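The structure displayed is predicted, hence computed values, not measured ones.
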Amino acid sequence: MKDSINTISIVSVFVLLSISLATSNDSVDFDSFLRCLPTRSNPSVPIADAILTPDNSSFQSIYQLHANNLRIFLSATSRPVAIITALHPSHAQATVVCAKRHGFQVRIRSGGHDFEGLSYTSDVPFVILDLFNLRSIDIDMASETAWVQAGATTGELYYRIAEKSNVHGFPSGYCTTLGIGGHFSGGGYGFLMRKHGLSIDNVIDAELIDVDGRILNRESMGEDVFWAIRGGGTTSFGVILSWRVKLVRVPPRVTVFTVPRTLEQGATELVYRWEHVAPKLPKDLFIRLQADPINNGGNNKTIRVSFTGNFLGQTNRLIQLMNANFPELGLRRSDCLEMSWVESTVYWGAFLNGTSSIDVLLNRVIGGLFYKSKSDYYKTVIPRQGLETLWEALMDIEDVFVQMNPYGGRMEEISESETAFAHRGGNLFMVQYGVQWSDGGIGASGRYVELSRRLYSAMEPYASSNPREAFVNYRDIDIGSNESSETDFEAAKEYGAKYFRNNFKRLAGVKARVDPENFFKNEQSIPPFVY
Ligand SMILES: Cc1cc2nc3c(=O)[nH]c(=O)nc-3n(C[C@H](O)[C@H](O)[C@H](O)COP(=O)(O)OP(=O)(O)OC[C@H]3O[C@@H](n4cnc5c(N)ncnc54)[C@H](O)[C@@H]3O)c2cc1C
Ligand SMILES: *[C@@H]1O[C@H](CO)[C@@H](O)[C@H](O)[C@H]1NC(C)=O
Ligand SMILES: *[C@@H]1O[C@H](CO)[C@@H](O)[C@H](O)[C@H]1NC(C)=O
Ligand SMILES: *[C@@H]1O[C@H](CO)[C@@H](O)[C@H](O)[C@H]1NC(C)=O
Ligand SMILES: *[C@@H]1O[C@H](CO)[C@@H](O)[C@H](O)[C@H]1NC(C)=O
Ligand SMILES: CC(=O)N[C@H]1CO[C@H](CO)[C@@H](O)[C@@H]1O
């Protein structure tokens, strides 16, 4: 290992930032960090092959490869001193131990989809622990369980399950490039949510690297920590190496549909009706909606609402259910597509319509977009007038979408305190407000972020309040945050209540026990605190 790595830039970063540095060792020493790594890792897989510093030719491409949000990536003011692309669990252990000893913050990255890029940015000297190489998926059909490493994507998981069985699946996100390391840590929801709950509701064990570099499992970490990492944002508690999941049963054929309606076609009344119906439908039926402004030409704008459904069964039964529960939508047989469950993951992943190969599930990277998102929970129906407000706000903005995901069903059966994920019974739906653009690039960020805030503020009268709840996987730095290197308790209480409701207190207590010096942190992590 060469020792003279980029000393000049490291030193200048150090000088600039040493004042605000608050780690357990305030002497930041990069050479010592690099020398430490091999002493703490398994020699049979040389860690040298996993260390990238800015001198390495592939540093920049690996840095960017899983940096999903260009709004963040291109505005970052400092880059990591190194990226450790762990090839063996011991490389991740070594990264934690050596970074702590030599004064670097660790940012953990699995799939890099953090909306605010907290897995690959920091204002203090930091290393990225990149887990994309640790992505094995071991499925045991006899017990209907699987061990899945953190760097695996949702798409890879769906694909590997389908290789073994066409009547098993797993409830995770729509997007098939999410890293399960980060995705499960905030809950993980998708179109099986009303039937099977979140990903974490089907997690039965985990391997976690703690602040001392030990690998713990459910038994050795204890139920409190195992509770916290299911929905509490694992990044505050350690490094998830793998999750053990219980697969769920799915029928051999499922049915999907998408029905678009514009305002002129009565979308407002349909959405109003959907608000009442969707959270109460039988669990096998999940209907999400997405509203987009569209242009009919000239200055004639309207809103198109797409109702996308997933039914764990076949068309005949679906049509019966829709006629009984939601006849207003006018679902026709010709709107419906029957397919295997794994094909439905492709459909929801929006790659194609289930007619082509499922190999797209193995694409690990989609990117090239700038975005900002915000989220809301709704416990009461948005009145018609509120919908009008929403449409008006949407028509003011280009490149915007709103997705509404119905809760109810299984989500209602699980208590708020069973896992750290608190948004359970009493929620009708969760909404994502997103702006997403490519034209205008980074220069347009300010304007788009401002527009997303305007939309969010327009909906305030209708959303949940005290606190106005938010979904931690849809990370939004606007709802309260801290600096990279400090976790102020008062600030943390603000975002903590929105993300975790009453579970925040217990999370802070668990944190105080397992990481009292607050080594694992980011701008929205859990502070160590005992009430
Ligand atoms: C296009 C898109 C679609 C999405 N769709 C959905 C959806 O359908 N359902 C849903 O629930 N969410 C969805 N999300 C949100 C997604 O679940 C979160 O962004 C999630 O955190 C991504 O995990 P990641 O590993 O890809 O991201 P990363 O950026 O790698 O990590 C996210 C956070 O978790 C931490 N982290 C990552 N890996 C580990 C680990 N191994 N141990 C400890 N901490 C870790 C990171 O430090 C960071 O704070 C979507 C996001 C995007 C961009
Ligand atoms: C990075 O560069 C160093 C020095 O040139 C080299 O020893 C190391 O093998 C490179 N790392 C990788 C992962 O290629
Ligand atoms: C702090 O870092 C220095 C230099 O890297 C190292 O020699 C020392 O042992 C560290 N101290 C602690 C308490 O970890
Ligand atoms: C705008 O477009 C809609 C849908 O195509 C159409 O029904 C409506 O008449 C148009 N309005 C105007 C003013 O052109
Ligand atoms: C898939 O759906 C899109 C609209 O979402 C449509 O434009 C396209 O033609 C469809 N492709 C196939 C293969 O059916
Ligand atoms: C960056 C950031 O948002 N820092 C905040 C951390 O918390 C303190 C106390 O609430 C705020 O004053 C900072 O602005």
Beyond-backbone contact of [X] with [Y], side-chain heavy atoms, under 4.5 angstrom:
X      : Y      : answer
Tyr407 : Met193 : yes
Phe421 : Phe471 : yes
Phe520 : Lys511 : yes
Val360 : Thr176 : no
Arg506 : Phe504 : no
Phe126 : Asn522 : no
Trp348 : Tyr158 : no
Ile303 : Leu263 : yes

Rounded distance [0.5 Å steps], [atom1] in [X] versus [atom2] in [Y]:
X      : Y      : atom1 : atom2 : result
Thr268 : Leu387 : OG1   : CG    : 6.5 Å
Thr154 : His183 : OG1   : NE2   : 6.0 Å
Ile62  : Leu52  : CD1   : CG    : 6.0 Å
Asn427 : Glu469 : CG    : CD    : 5.5 Å
Phe489 : Lys493 : CZ    : NZ    : 5.0 Å
Ser375 : His423 : OG    : NE2   : 7.5 Å

Taking the side chain from [X] and the backbone from [Y], do they hold a donor-acceptor pair closer than 3.5 Å?
X      : Y      : value
Thr255 : Phe311 : no
Trp243 : Ile180 : yes
Asn56  : Thr53  : yes
Asp123 : Ser484 : no
Gln265 : Thr262 : yes
Lys498 : Ile479 : yes
Arg135 : Phe132 : yes
Tyr495 : Ser525 : yes
Thr345 : Trp341 : no
Asp130 : Thr85  : no

When you check the side-chain N and O atoms of [X] and [Y], is any donor under 3.5 Å from an acceptor?
X      : Y      : value
Thr419 : Arg424 : yes
Ser199 : Ser172 : yes
Asn295 : Lys301 : no
Gln524 : Tyr499 : yes

Go through it in stages, so that I can follow the logic: the residues are Tyr120 and Asn69, the test is side chain to side chain contact (heavy atoms under 4.5 Å, CB included), and I'd like the CA-CA distance, side-chain angles, deciding distance and then a yes or no. CA-CA 10 Å; Tyr120 49 90; Asn69 192 349; 3.7 Å; yes

Does [X] come within less than 4.0 Å of [Y], counting only side-chain N to carboxylate O?
X      : Y      : result
Asp201 : Arg230 : no
Glu523 : Arg107 : yes
Glu450 : Arg447 : no
Asp478 : Lys374 : yes
Arg71  : Glu116 : yes
Arg384 : Glu269 : yes

Can you confirm whether more than 12 heavy atoms, excluding those of Glu264, are under 6.0 Å from its CD atom?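 Counting other residues, nucleotides and ligands, CD of Glu264 exceeds 12 neighbours.
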
Within 6.0 Å of CG in Asp439, more than 12 heavy atoms from elsewhere: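 No, because the 6.0 Å sphere around CG of Asp439 holds 12 heavy atoms or fewer from other groups.
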
Just to verify, what does Leu362 make a side chain to side chain contact (heavy atoms under 4.5 Å, CB included) with, not counting sequence neighbours?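 Expected list: Glu156, Tyr159, Arg160.
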
Chi angles and distances behind the side chain to side chain contact (heavy atoms under 4.5 Å, CB included) call for Lys195, Phe286: CA-CA 8 Å; Lys195 175 76 171 185; Phe286 177 87; over 6 Å; no

Do the numbers put Arg468 on top of the ring of Tyr456, so that NZ or CZ is under 6.0 Å from the six-membered ring centre and no more than 45° off the axis?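 The answer is yes, since Arg468 meets both limits relative to Tyr456.
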
Considering all heavy atoms of both residues, which atom of [X] and which atom of [Y] are nearest to each other, and what is their separation?
X      : Y      : result
Cys336 : Leu331 : SG-CD2, 3.9 Å
Ser236 : Asp515 : O-OD2, 3.9 Å
Val365 : Thr177 : N-CG2, 4.1 Å
Gly187 : Asn473 : N-ND2, 4.2 Å
Pro527 : Ala492 : CG-CB, 3.5 Å

Tell me if the aromatic rings of Tyr63 and Phe73 count as close, with their centers under 6.0 Å from one another.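 Between Tyr63 and Phe73, the centre distance is under 6.0 Å.
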
Taking the ring centre of each residue, are Tyr371 and Phe115 less than 6.0 Å apart?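 Tyr371 vs Phe115: aromatic centres under 6.0 Å.
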
Would you please test Gln149 and Leu131 for side chain to side chain contact (heavy atoms under 4.5 Å, CB included) and show each step? CA-CA 9 Å; Gln149 282 188 310; Leu131 296 167; over 6 Å; no

If you apply the rule side chain to side chain contact (heavy atoms under 4.5 Å, CB included), what do you find for Met459 with Val402, and how did you get there? CA-CA 12 Å; Met459 294 313 286; Val402 168; over 6 Å; no

Students often mix this up, so state it plainly: with edges at 30° and 60°, are the rings of Tyr189 and Tyr174 parallel, tilted or perpendicular?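 Plane angle over 60°, so perpendicular.
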
Parallel, tilted or perpendicular: which describes the rings of Trp437 and Phe370, with under 30° parallel and over 60° perpendicular?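 Parallel: the ring planes of Trp437 and Phe370 meet at under 30°.
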
Go through the steps for Ser122 and Gln105 under the test side chain to side chain donor-acceptor pair (under 3.5 Å), then give the verdict. CA-CA 8 Å; Ser122 178; Gln105 194 172 80; 2.7 Å; yes

Sole candidate of Tyr474, Tyr433, Tyr462 that passes side chain to side chain donor-acceptor pair (under 3.5 Å) when paired with Asp376: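 Of Tyr474, Tyr433, Tyr462, side chain to side chain donor-acceptor pair (under 3.5 Å) with Asp376 is met by Tyr433 alone.
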
Sort out for me which residue in Asn405, Val254, Asn310 forms a side chain to side chain contact (heavy atoms under 4.5 Å, CB included) with Phe191.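 The option that passes is Asn310.
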
